[in-house]
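Each chain gets a letter, A, B and so on, in the order its sequence line appears, and its residues count up from 1.
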Protein chains: 2
Amino acid sequence: MSYNQHFEHLLKRHQLKRTEARLRVLSLLVNKKTATSQPDLESVIGDVDRVTLYRILSAFEEKGIIHKVFDLNGTANYAICADDCDEHHHHDEHLHFNCSNCKNVYCLDELDMPPIVLPAGFKLEKLSFSAVGLCPKCLNK
Amino acid sequence: MSYNQHFEHLLKRHQLKRTEARLRVLSLLVNKKTATSQPDLESVIGDVDRVTLYRILSAFEEKGIIHKVFDLNGTANYAICADDCDEHHHHDEHLHFNCSNCKNVYCLDELDMPPIVLPAGFKLEKLSFSAVGLCPKCLNK
DNA sequence: TAGCTTAATGCAACTTTATTGCATTTTATT
DNA sequence: AATAAAATGCAATAAAGTTGCATTAAGCTA
């Protein structure tokens with residue numbers, strides 16, 4: 001199945017209309033190891049309004065298609081979710097690695113995250129781990 | 001030793017001049033279980049310029065007096081560091097708990113954080129854990 | 001304690017990221 | 001082809017943070 005078919009499927013499944021802008025966002029995010037910020041997306045996506053982009057990203061986030069993670073500057077970055085995410089539950093409890101040099105945010109979802117026990121009285125909904133350091137590319141320079 | 005003496009000591013130790021604005025920031029942050037955002041600080045600190053506040057916060061952060069953590073909106077929040085932080089090393093590898101109701105950010109520094117092993121090629125500098133959920137106050141409503 | 005040097009502050013302007021309201025266009029369906 | 005709902009574009013606005021520069025204050029030193 002081609003990416004395009006896959007994307008159309010994905011949109012239909014979440015009751016989102018198939019539009020050019022949404023397909024472009026999906027194709028920009030898929031297969032990327034790093035999360036992408038709205039400003040970065042904006043600069044490469046071409047003829048799509050800033051506001052539209054924001055709205056697409058938040059719609060996708062609500063539906064569980066992508067997840068949002070903040071980088072070292074507090075800017076939102078977005079990455080495609082693993083397949084088992086949906087509207088009701090995000091499985092994005094993986095490690096986000098922020099490279100202090102190139103500023104890329106890597107989703108290291110192959111790592112198992114240890115369980116965390118909270119103090120009494122706190123109700124956990126979501127957990128996330130983030131690391132800062134140098135990524136392989138920047139380390140080899 | 002009074003708080004004021006303690007703060008003056010702290011500033012001198014980090015080669016920062018003792019100013020009214022800095023003392024106010026310290027007294028607002030000390031003994032708080034939750035981290036405070038710049039906007040929140042600004043609204044209560046009184047007659048201190050926005051820019052000055054930003055500069056005080058980043059100076060304190062550089063010196064290891066406070067640490068910065070982003071909340072669910074990507075806004076920077078600040079909290080006093082544990083005593084053993086300094087310019088060269090931050091010990092802020094504790095859990096930050098974001099309440100999805102009241103938006104407060106709790107520094108749960110009494111919890112032991114498990115070690116995380118990164119994939120080969122990544123060099124770790126700093127690690128942080130953050131959770132989203134309901135805090136005790138909001139849970140009891 | 002007066003003078004001096006450096007650090008800190010205040011102000012104005014600006015940048016970046018994000019949001020809202022509303023008119024227009026497009027999608028998907030009948 | 002007509003239609004209703006959803007999506008988009010545009011303009012305006014908001015919020016968070018930054019930069020440059022002139023002024024003021026802190027804390028030495030004589």
Between B:Pro39 and A:Asp47, which is nearer to the 5' end of DNA chain D once each is assigned its nearest nucleotide? A:Asp47
Report yes if at least one side-chain N or O of B:Thr52 is closer than 4.0 Å to OP1 or OP2 of C:dG10; otherwise report no. yes
Between B:Tyr78 (OH) and D:dA16 (P), how many Å, whole number? 12 Å
B:Leu11 CG - C:dA7 P separation (whole Å): 16 Å
Taking all non-hydrogen atoms of both residues into account, name the closest pair between A:Arg50 and A:Gln38 and its distance. O-NE2, 3.9 Å
Measure from the side chain of A:Arg22, starting at C-beta and using heavy atoms only, and say which of D:dT8, C:dT9, D:dG9 lies closest. D:dT8
Set of side chain to side chain contact (heavy atoms under 4.5 Å, CB included) partners for B:Lys32, sequence neighbours left out: B:Thr34, B:Thr36
ring-ring contact (aromatic ring centres under 6.0 Å, His included) against B:Tyr78, all qualifying residues, sequence neighbours excluded: none
Just how far, in rounded Å, is C1' of C:dA8 from CZ of B:Arg24? 15 Å
Could you tell me how far apart A:Asp49 (CG) and D:dC10 (P) are, to the nearest whole angstrom? 6 Å
Under 4.0 Å protein heavy-atom contacts per nucleotide of nucleotides 19-30 of chain D, with B for base, S for backbone only and - for none: BB-----BS---
Minimal non-hydrogen separation, A:Ala21 against A:Val48, with atom names: CB-CG2, 3.9 Å
Taking all non-hydrogen atoms of both residues, which atom of A:Asn98 and which atom of A:Leu72 are closest, and how far apart? OD1-N, 3.6 Å
Counting the atoms with a prime plus P, OP1 and OP2 as sugar-phosphate, which does B:Ala21 contact under 4.0 Å by heavy atoms, base, sugar-phosphate, or nothing? sugar-phosphate
Name the nucleic acid region contacted by A:Ala76, choosing base, sugar-phosphate or nothing; use a 4.0 angstrom heavy-atom cut-off, strictly under. sugar-phosphate
Has B:Tyr54 got a side-chain N or O lying under 4.0 Å from the OP1 or OP2 atom of D:dG17? yes
Mind calculating the distance between CZ (B:Phe70) and P (D:dA15) to the nearest angstrom? 19 Å
Heavy atoms from other residues, nucleotides or ligands near CG of A:Asn140 exceed 12 (cutoff 6.0 Å): yes
Here's a test of your reading of the structure: between B:Arg50 and B:Asn73, which maps to the more 5' nucleotide of DNA chain C? B:Arg50
NE2 of B:His14 versus P of C:dA7: gap in Å, rounded? 17 Å
note: B:Ile45, atom CD1; C:dG10, atom C1'; distance rounded to Å ~ 14 Å
Round to a whole Å and report the spacing from CG of B:Leu57 to P of C:dA8. 14 Å
Between A:Asp49 (side chain only) and A:Val51 (backbone N and O only), is there a donor and an acceptor less than 3.5 Å apart? yes
